[in-house]
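No experiment lies behind these values; they were computed from the predicted model shown. Only heavy atoms go into these numbers, but all of them, side chains included; no hydrogens, no water, no symmetry mates.
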Number of protein chains: 2
Amino acid sequence: MHIRPGRYHHGDLRAALLNRAEETLREKGPAALSLRELARDLGVSHAAPSRHFKDKQALLDALALTGFERLDETLKASRERADESFAERLAVMAHAYVGFATANAELLDLMYSIKHDPEASEALDAAAQRWSEQIVELIGEGQRQGQVREGPMERVGLPVFVTLHGYASMAVSGMLPLETIEHGLDDVIAYILQGCAPE
Amino acid sequence: MHIRPGRYHHGDLRAALLNRAEETLREKGPAALSLRELARDLGVSHAAPSRHFKDKQALLDALALTGFERLDETLKASRERADESFAERLAVMAHAYVGFATANAELLDLMYSIKHDPEASEALDAAAQRWSEQIVELIGEGQRQGQVREGPMERVGLPVFVTLHGYASMAVSGMLPLETIEHGLDDVIAYILQGCAPE
DNA sequence: ACCTGAACACCGTTCAAGT
DNA sequence: ACCTGAACACCGTTCAAGT
């Protein structure tokens, strides 16, 4: 078990905790996530995690943060695969977001869960803001190409944002039949295009 | 403490548990909800709840179900306040749904949380389906009035559904600034109207 | 039928103490 | 700096027993 001799069991217990937490979140759900079991899985004492996360909520917040970072990377990568037409770029981003959401359902739930601890959520808010800015850029391009109505971003971009988020959220919560998820997104994309087009 | 003599402490412990659970959910969040504390609050032993809910998840499921029922009533009531134009009816329903969501944020989160216990969620699925049928009716009226494009409901209604749900979901999760929530909905309604209009 | 009380196996968190 | 071990106050769940 000598991953890095001279540094106890782990070279990076913090990262190991986050990785393992995401696995059990995915496999057994949020209710089954316990700090003590995490510590057991990693072969450290049950008190060890407290050196890296002040409490369980801090670990969950950090986990949600990594989710936003990976989402951001996923969307950035997807944009390089898109051509220059607004419709195509919107479609690529929509599929990328919904794909991430369904592939990481429990994590997405955590990322958007209510923060009843109103401190420490600044970092999360900022991370959520960052990915919404990818939509802002997309909408801006659409406006320059005349595919999207003029107006301030809070008014023009918000509807697009909530539509994508709503689709992903419904898919994740299991309220949409699986075949609807597969075939419904293209209809939603067409509706978004029409909804934000100049009149 | 004789609420109903001859029937122990409570006339209806089940209902009392659900009521108290919703209060603490609203006031202290889902993490603070414990069966033992619920029992303590109601003056019964900690084992009493198990007579009415086989485990904690069963109580949460029942609570979510009451949420869907109240949502359904709220929406039904709102429809009586609307005139006959599609735009007006859509606006009334949108405000009613978003109003319910923000007034019952934690409960809405619970209603749409992932069911990692895939049993027993049939009743919840059915309840969610019931409120979506109110949108189906609305869309059907819009189609008959020529305000909404023709087509099967899964294709025409789904985009409207996910837009409203996405807006409510963003508002509930705290990702939208409060003033955006207030002023943004009317823009979203206009966008929905344009998005599902005949081309 | 409905509830109690004790018991069991688990938690999260803290804190002195070790290396 | 990083972790351990014991301790504390809490859980959810079960089950014999009471009324």
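Of all nucleotides listed (C:dC3, D:dC3, C:dT14), C:dT14 comes nearest to the side chain of A:S50. Candidate nucleotides D:dT4, C:dT4, D:dC3 were compared by shortest atom distance to the side chain of B:V44, and C:dT4 ranks first.
Salt-bridge check for B:R79 with B:E141: passed, with a basic side-chain N closer than 4.0 Å to an acidic carboxylate O.
When atom types are taken as modelled, the side chain of A:K56 and the backbone of A:L33 share a donor-acceptor pair closer than 3.5 angstrom. Listed for the B:Q194 side chain is a donor-acceptor partner under 3.5 Å among the backbone atoms of A:Q194. No donor-acceptor pair closer than 3.5 Å links the side chain of B:R130 to the backbone N or O of B:E69.
Between B:Y112 and B:H165, the ring centre distance stays below 6.0 Å. Aromatic rings of A:F161 and A:W131 (six-membered ring for Trp) have centroids within the 6.0 Å cut-off, being under it.
In the hydrophobic clustering of this structure, A:L164 groups with A:F100; members are Ile, Leu, Val, Met, Phe, Trp, Tyr whose side-chain heavy atoms approach within less than 4.5 Å, directly or through other members.
C:dC2 atom P lies 6 Å from atom NE2 of B:H52, rounded to whole Å. If you take CG of B:L42 and P of C:dC3, they are 11 Å apart, rounded to a whole angstrom. Protein atom CG of B:L13 is 13 Å distant from nucleotide atom C1' of C:dA1, rounded to whole Å. Between the CZ atom of A:F53 and the P atom of D:dC2 there is a distance of 13 Å, given to the nearest Å. What separates CG of A:L17 from C1' of D:dC2 is a distance of 13 Å, to the nearest Å. Atom CZ in B:R14 sits roughly 16 Å away from atom C1' in C:dA1 (whole-Å rounding).
Taking CZ of A:R14 as the start and NE2 of A:H52 as the end, the distance is 9.0 Å to the nearest 0.5 Å.
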Letter per nucleotide, 5' to 3', of nucleotides 6-12 of chain D [B base touched, S only sugar-phosphate touched, - untouched; heavy atoms, 4.0 Å]: BB---BB

Paired and unpaired positions of DNA chain D as dot-bracket, Watson-Crick or G-U wobble under 3.5 Å, | denoting a partner strand: ||.|||||...|||||.||

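Side chain to side chain, A:Y97 and A:S78 fail the donor-acceptor criterion of an N or O pair below 3.5 Å.
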